[in-house]
Every structure is written in structure tokens, then in C-alpha cells.
Amino acid sequence: MAMKDQIETEVDQYLADNGMSTNYHRLMYAGPSMRTRHSLVLVFTEVGLITFSFSIVSKSETQMFFLPKDKIRAIRLDKKRFVHKLSMEAENEEGQIERAQYFVSKRVFGRPWHSETLQYLFDKKIFSPLS
């Protein structure tokens, strides 16, 4: 099974187990720094954002996190020369706003879904401005 199919299956199973479903998955690689930009797979859905954090060395260390759509306050994807910058604001369990920034490669060899998601997100302009 291809990685994309496996991730989509896991997302669908998680959502079903929690009484939710989705009509689409938009997958994209990202990371907290330019050197580790392939340590996350972000999955955008209409019910929220799901992240898969993994280690290239040990696949057993893969973790999945779900951020409901109603907790997301802002997302912005800025075009940069070498990599794009994804900035997000979300509400945590205590009601405080947390900020995160990730680097997103313009293309990832062998993963057309990454480039397709970037193009879709830029074309749709679905992102909220950050202050």
C-alpha cells in the first residue's frame, strides 16, 4: 500500500472512531526547520488538521495528532524563494492561542500529492491572515 493510501486509511479510521468523516484529504510534507522539513505529513480535511510526525530512522515512532477545525484561528502559507513558510495559530486545551511555523518544500521528489496540495491551497486562498 502506498504511503498516501495508508495515511488516508488511518485518517478515515481515526475520524470514524470519533464519529466524524471527511470528503477529501490534502496531504503535504512540512517540518519545523529547513533540514527536517520532511518530518511531518499534514493532512487538511474539512473537519480539521491531522498531523503525522515520524522519524525516518524508526517508523515505530510515528505519532498522529488531530486539531479540530473550530480550534484553528489562522493559517497562512507564504511563498519564499527556496521553501514556503506555513504559519498557524490554534487554541489549546486551556483556551490560549499557540503559534507554530513550519517549512514546506516546494516539491518533494516522487510525491505528486505534495505539489498538488500546495497548488490547491495557493489557488483556493483559504488561509486566514496572521497578525
Side-chain angles (χ1 to χ4, degrees):
M1 178 183 291
M3 185 177 85
K4 181 179 187 280
D5 296 331
Q6 184 178 354
I7 288 173
E8 289 176 341
T9 299
E10 288 186 40
V11 166
D12 288 339
Q13 185 61 53
Y14 172 82
L15 295 177
D17 290 348
N18 289 281
M20 298 177 279
S21 65
T22 185
N23 292 316
Y24 66 86
H25 308 92
R26 299 286 181 186
L27 282 70
M28 181 172 65
Y29 277 120
S33 70
M34 289 191 50
R35 291 177 189 227
T36 60
R37 66 178 170 257
H38 299 135
S39 61
L40 295 173
V41 174
L42 304 177
V43 184
F44 296 90
T45 71
E46 70 264 29
V47 295
L49 174 67
I50 299 169
T51 62
F52 286 86
S53 174
F54 62 92
S55 168
I56 293 174
V57 177
S58 171
K59 292 187 179 200
S60 64
E61 294 181 22
T62 301
Q63 296 179 317
M64 184 179 84
F65 299 97
F66 174 67
L67 182 59
K69 184 178 180 177
D70 64 338
K71 298 290 184 182
I72 299 171
R73 297 294 176 243
I75 298 177
R76 186 173 73 208
L77 187 60
D78 294 316
K79 288 184 179 186
K80 300 291 182 186
R81 185 172 185 180
F82 298 108
V83 295
H84 301 309
K85 185 172 80 172
L86 178 69
S87 303
M88 299 180 5
E89 289 181 354
E91 184 180 323
N92 64 19
E93 295 82 19
E94 292 83 33
Q96 299 170 330
I97 300 297
E98 291 188 15
R99 292 177 176 83
Q101 289 188 355
Y102 302 100
F103 290 96
V104 179
S105 177
K106 292 183 178 188
R107 50 183 95 69
V108 177
F109 182 73
R111 304 287 187 214
W113 45 263
H114 174 85
S115 297
E116 291 166 7
T117 297
L118 276 174
Q119 192 60 50
Y120 174 82
L121 296 174
F122 280 127
D123 289 348
K124 294 292 182 183
K125 298 180 181 161
I126 62 170
F127 299 101
S128 306
L130 297 171
S131 50

Working to the nearest 0.5 Å, report the span between OG1 of Thr22 and CD1 of Ile50. 7.5 Å
Going from CD on Glu98 to CD on Glu93, what distance comes out if it is rounded to the nearest 0.5 angstrom? 7.5 Å
So, Asn92 side chain and Glu94 main chain: donor-acceptor pair closer than 3.5 Å or not? yes
Hey, does Gln101 have a side-chain heavy atom less than 4.5 Å from the side chain of Leu86? no
One should read off an interatomic distance between Lys85 NZ and Leu77 CG, to the nearest 0.5 angstrom, of 10.5 Å
Closest heavy-atom pair, Val47 versus Ser21, reported as atoms and distance to 0.1 Å, is CG1-O, 3.5 Å
Might you point out which heavy atoms bring Asp70 and Arg73 nearest each other, and give the distance in Å? O-NH1, 2.7 Å
Is Ile97 reachable from Ile75 through a run of I, L, V, M, F, W or Y residues, each pair having side-chain heavy atoms under 4.5 Å apart? no
Measuring only between side-chain heavy atoms, which start at C-beta, is Phe66 closer than 4.5 Å to Leu15? yes
For the atom pair OH (Tyr102) and CG (Leu40), what is the distance rounded to the nearest 0.5 Å? 6.0 Å
Side-chain heavy atoms of Val43 within contact of Thr51, under 4.5 Å: no
Mind checking whether Met88 and Leu49 have side chains closer than 4.5 Å, heavy atoms only? yes
Please name the pair of heavy atoms, one in Ala30 and one in Val104, separated by the smallest distance, quoted to 0.1 Å. CB-CG2, 4.0 Å
Does the Glu46 side chain pair with the main chain of Asn23, one donor and one acceptor, at a distance under 3.5 Å? yes
Please test Phe103 against Lys80 for side chain to side chain contact (heavy atoms under 4.5 Å, CB included), starting from the C-alpha separation and ending with a verdict. CA-CA 10 Å; Phe103 290 96; Lys80 300 291 182 186; over 6 Å; no
Please report the interatomic distance NE2(His84) to CE(Met28), rounded to the nearest 0.5 Å. 9.0 Å
Main chain of Tyr29, side chain of His114: is a donor-acceptor contact present, judged purely on distance under 3.5 Å? yes
Is Arg26 close to Trp113 at the side-chain level, that is, under 4.5 Å between some pair of heavy atoms? no
Taken to the nearest 0.5 Å, the spacing of Leu27 CG from Leu42 CG works out to 9.0 Å
Is a salt bridge present between Asp78 and Arg76, judged by a nitrogen-to-oxygen distance below 4.0 Å? yes
